[in-house]
Number of protein chains: 2
Amino acid sequence: MAEKITIYDISNKLNISAATVSRALNNNPKISLKTKELVLKTAAEMNYKQNRLAQALKSGKTNNVGVIVPYINRSFFSSVIRGIEEELSPHGYHVIICQTHEDVHNEIEQINTLLNTQIDGIFMSVAKTTQDTKHIEKVVKENTPLIFFDRKKNIDGISSVVIDDFKGGYLATEHLIKQGCKKIAHFSGDLNLEIYRNRHEGYLAAMKDYDVTAIPKFSMQVNSKIESGSTAINDLWNLSEQPDAIFSASDYAALGAIQELKRKGIKVPEEVGVVGFSNEPFTKYMELPITSVDQTPVEMGRNAAKVFLEQIEGSKTLSIEKKVVLTPKLNIRESSNRELIKKLLVSKE
Amino acid sequence: MAEKITIYDISNKLNISAATVSRALNNNPKISLKTKELVLKTAAEMNYKQNRLAQALKSGKTNNVGVIVPYINRSFFSSVIRGIEEELSPHGYHVIICQTHEDVHNEIEQINTLLNTQIDGIFMSVAKTTQDTKHIEKVVKENTPLIFFDRKKNIDGISSVVIDDFKGGYLATEHLIKQGCKKIAHFSGDLNLEIYRNRHEGYLAAMKDYDVTAIPKFSMQVNSKIESGSTAINDLWNLSEQPDAIFSASDYAALGAIQELKRKGIKVPEEVGVVGFSNEPFTKYMELPITSVDQTPVEMGRNAAKVFLEQIEGSKTLSIEKKVVLTPKLNIRESSNRELIKKLLVSKE
DNA sequence: TTGTAGGCGTTATCAG
DNA sequence: CTGATAACGCCTACAA
């Protein structure tokens, strides 16, 4: 049962032409109100459903967009996708997701199959291993709108939505300085990635602006892993002098640092303040909640979607490259909040 | 530039028919190796891309599936989606995501637009507010494969993949009993939902099997929120007697419980053991890591995908309803592990 | 206002 | 083995 019914089925039943049915269904002005209502009524009765596929083939527009991310179940990425979906869904778009597993080869593959499916646009955060960008440039050449979010490459004509990582690094460091920290260490990620370079530079700039000496040995490259954070602390504590604060470009490394400091009997934040980056869900649930820079992922997704919509509304030929930079938000929690701790201690006495 | 090129462009250039080109491209046996290779070569040169849309219109198969979840950025759901994507992607399917925001109206809307787009199948976890299931039955009537995961409704002919919530509840409770707990409380979720009823029954069954008295007042309905967990603890501590363990059907409520117990100066797990449910990422990062029942979401997604594949391979008419029940996994951590704590204490002395 | 006809890109059928 | 043709379901000039 439930044969697919088409506009022809309706037109036969009503003894009118399929064209008329089509017009009635599409609010075409060139049609009498009477026939229109009749068509609409019988369409509903016959349980007619528009075949968006045929429509898409005709119009060259599928109303589908693709989103390419490393892993869909990372909190950050799934939140961006949520933002994209929520912004685009009211406009009739569907979101197709693809994972690269941080592998360029998958990235290339995904882009190709997405183009085959005739999506109307692509949103992507490039894989860590992506160096060559021919596959990405190809998308632009085919006139398919492409929008980078978070992890981007600098390619002419491609819009992007990112957060101001420099500012994020600056805010985090400034906050630690204002808490009275004088010797602030920085755990950076892979400095080949722009985002980590920017966070690092934000850190250095804040140190400079507030006349705090940035000790070179205190800038360490640390993976985004709990163990790496612990190891880094041990490395630091093998030096001749130790920091009184850590600004980590990763929440996981920040967590590892806190765990290791605790093992060493060092008090956080009294002796060492810690700030992380990304505002991973776990940071706020900890017994000692971790201060972290929020990348506002849902907002990022929404903005990327808006850029896309503007891009397809605008004239096709004139595709303006738009660079949106969102301001990160510092969520101050106990791991860095000396004032709060002091108050708590006083109130307990 | 980059005009869309079709098989006709290739056929013109080669002075052969489009049909032959099509055959060459599709590994059709009825074609000479020579022409086939020629076509393949020039197709590559001309940068030809198959239009999957036209193919889909012709074949009635889009190679797209839809996944409907309450929120895509919940750890559990995004992990299920990951599993679905990873299992289906090698088979050439794309995954379209939809969110219901726990609202039936959105659910109905999403199902309709998905059907319009001619997807090949739907995966879904129903919204909490869903009572009436006409919109879901409609999908089956249209012969579109539908597979429930986690939150299902009992509808004839619909396959589902869930975890054995009863067993999850049983395992958690059994574990607490084996840790020496005698008065175990249970925080259940909304008992209108099957999953929570099953967890509750698992709890009761374990208590019975081990001859531990289940005190009715210790079975409480608690929301999946941190504050609700805290409140529940306060309620319990206003009773004439208190539990020595909590099995919470929610990790968030478990966390709230632990926080409140700590505020009261009650030691976890020495005085009160706590077990949660879902294995949310944060549970293992806590200073006191929380024991929790893992729902193996990625596996759930993979299995749902497999059921789908079987269903479309099999004859269309004979759609067998398949019920897959996965075994949950108890991750024992410090919040319930008295043995571990004892050892740690001894080693410290 | 309505009908006719052609085409979107592909594939399947039927001749040749 | 290859070519012509129709068809998938819809939309849109153009004609009536």
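Chain identifiers are assigned alphabetically (A, B, ...) following the order of the sequence lines, protein sequences preceding nucleic acid strands; residue numbering begins at 1 within each chain.
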(request) Give me the first and last nucleotide of DNA chain C, going 5' to 3', that has any atom under 4.0 Å from a heavy atom of chain A. (result) dT1(C) to dG9(C)
(request) Would you kindly say whether K152(B) and N154(B) are connected by a side-chain donor-acceptor distance under 3.5 Å? (result) yes
(request) List for me each residue that meets side-chain hydrogen bond (donor to acceptor under 3.5 Å, both in side chains) alongside T296(B), sequence neighbours excluded, and say none if there are none. (result) none
(request) Identify, with sequence neighbours excluded, every residue that meets salt bridge (Lys or Arg N to Asp or Glu O under 4.0 Å) alongside K58(A). (result) none
(message) For the NZ atom on K306(A), are there more than 12 heavy atoms of other groups (residues, nucleotides or ligands in this structure) within a distance under 6.0 Å?
(response) yes
(request) For DNA chain D, note the earliest and the latest nucleotide, 5' to 3', having some atom under 4.0 Å of a heavy atom belonging to chain A. (result) dG9(D) to dA13(D)
(request) Check side-chain hydrogen bond (donor to acceptor under 3.5 Å, both in side chains) between K128(B) and all other residues, then give those that pass, not counting sequence neighbours. (result) none
(request) Let me know which of V67(B), V162(B), N303(B) forms a side chain to side chain contact (heavy atoms under 4.5 Å, CB included) with F149(B). (result) V67(B)
(message) Holding to side-chain contact (heavy atoms from CB on, under 4.5 Å), I want the full list of residues that pass it with N12(A), two or more places apart in sequence or in another chain.
(response) none
(request) Rounding to 10 degrees, work out the angle separating the end axes of the helix from dT1(C)-dA16(D) to dG16(C)-dC1(D) (five pairs an end). (result) 50°
Which pairs would a plain distance check flag for residues 27-34 of chain A, meaning a side-chain donor or acceptor within less than 3.5 Å of a matching protein atom at least two apart in sequence or in another chain?
unit_1 : atom_1 : unit_2 : atom_2 : d
N27(A) : OD1    : K36(A) : NZ     : 2.9
N28(A) : OD1    : K30(A) : N      : 2.9
S32(A) : OG     : T35(A) : N      : 3.2
S32(A) : OG     : T35(A) : OG1    : 2.6

(message) Ignoring hydrogens and geometry beyond distance, is a side-chain donor-acceptor pair present between S59(A) and Q55(A) at under 3.5 Å?
(response) no
(message) A quick test of your reading: do over 12 heavy atoms of other residues, nucleotides or ligands sit less than 6.0 Å from NZ of K153(A)?
(response) yes
(request) Flag yes if more than 12 heavy atoms outside H105(B) fall under 6.0 Å of its NE2 atom; otherwise flag no. (result) no
(request) Can you sort out which residues in residues 29-49 of chain B have a heavy atom within less than 4.0 Å of DNA chain C? Ascending by number, please. (result) Y48(B), K49(B)
(message) Considering only residues two or more places apart or on different chains, which pairs with a residue in residues 39-49 of chain A satisfy side chain to side chain donor-acceptor pair (under 3.5 Å)?
(response) K49(A)-E142(B)
(request) With heavy atoms under 4.0 Å as the rule, sort L53(B) into base, sugar-phosphate or nothing. (result) nothing
(request) May I ask you to say whether E102(A) pairs ionically with R151(A), meaning some side-chain N is under 4.0 Å from a carboxylate O? (result) yes
(message) For S17(B) and L57(B), find the nucleotide of DNA chain D closest to each by heavy atoms; which residue's nucleotide sits nearer the 5' end?
(response) S17(B)
(request) Give, ordered by number, those residues of residues 19-28 of chain A having at least one heavy-atom distance below 4.0 Å to an atom of DNA chain C; if nothing qualifies, reply none. (result) A19(A), T20(A), R23(A)
(message) Can you confirm whether D132(A) is buried at CG, in the sense that more than 12 heavy atoms of other residues, nucleotides or ligands lie under 6.0 Å from that atom?
(response) yes
(request) Any salt bridge (Lys or Arg N to Asp or Glu O under 4.0 Å) involving residues 76-89 of chain B? Give me the pairs, sequence neighbours left out, ordered by first then second residue. (result) R82(B)-E86(B), E86(B)-R302(B), E87(B)-R302(B)
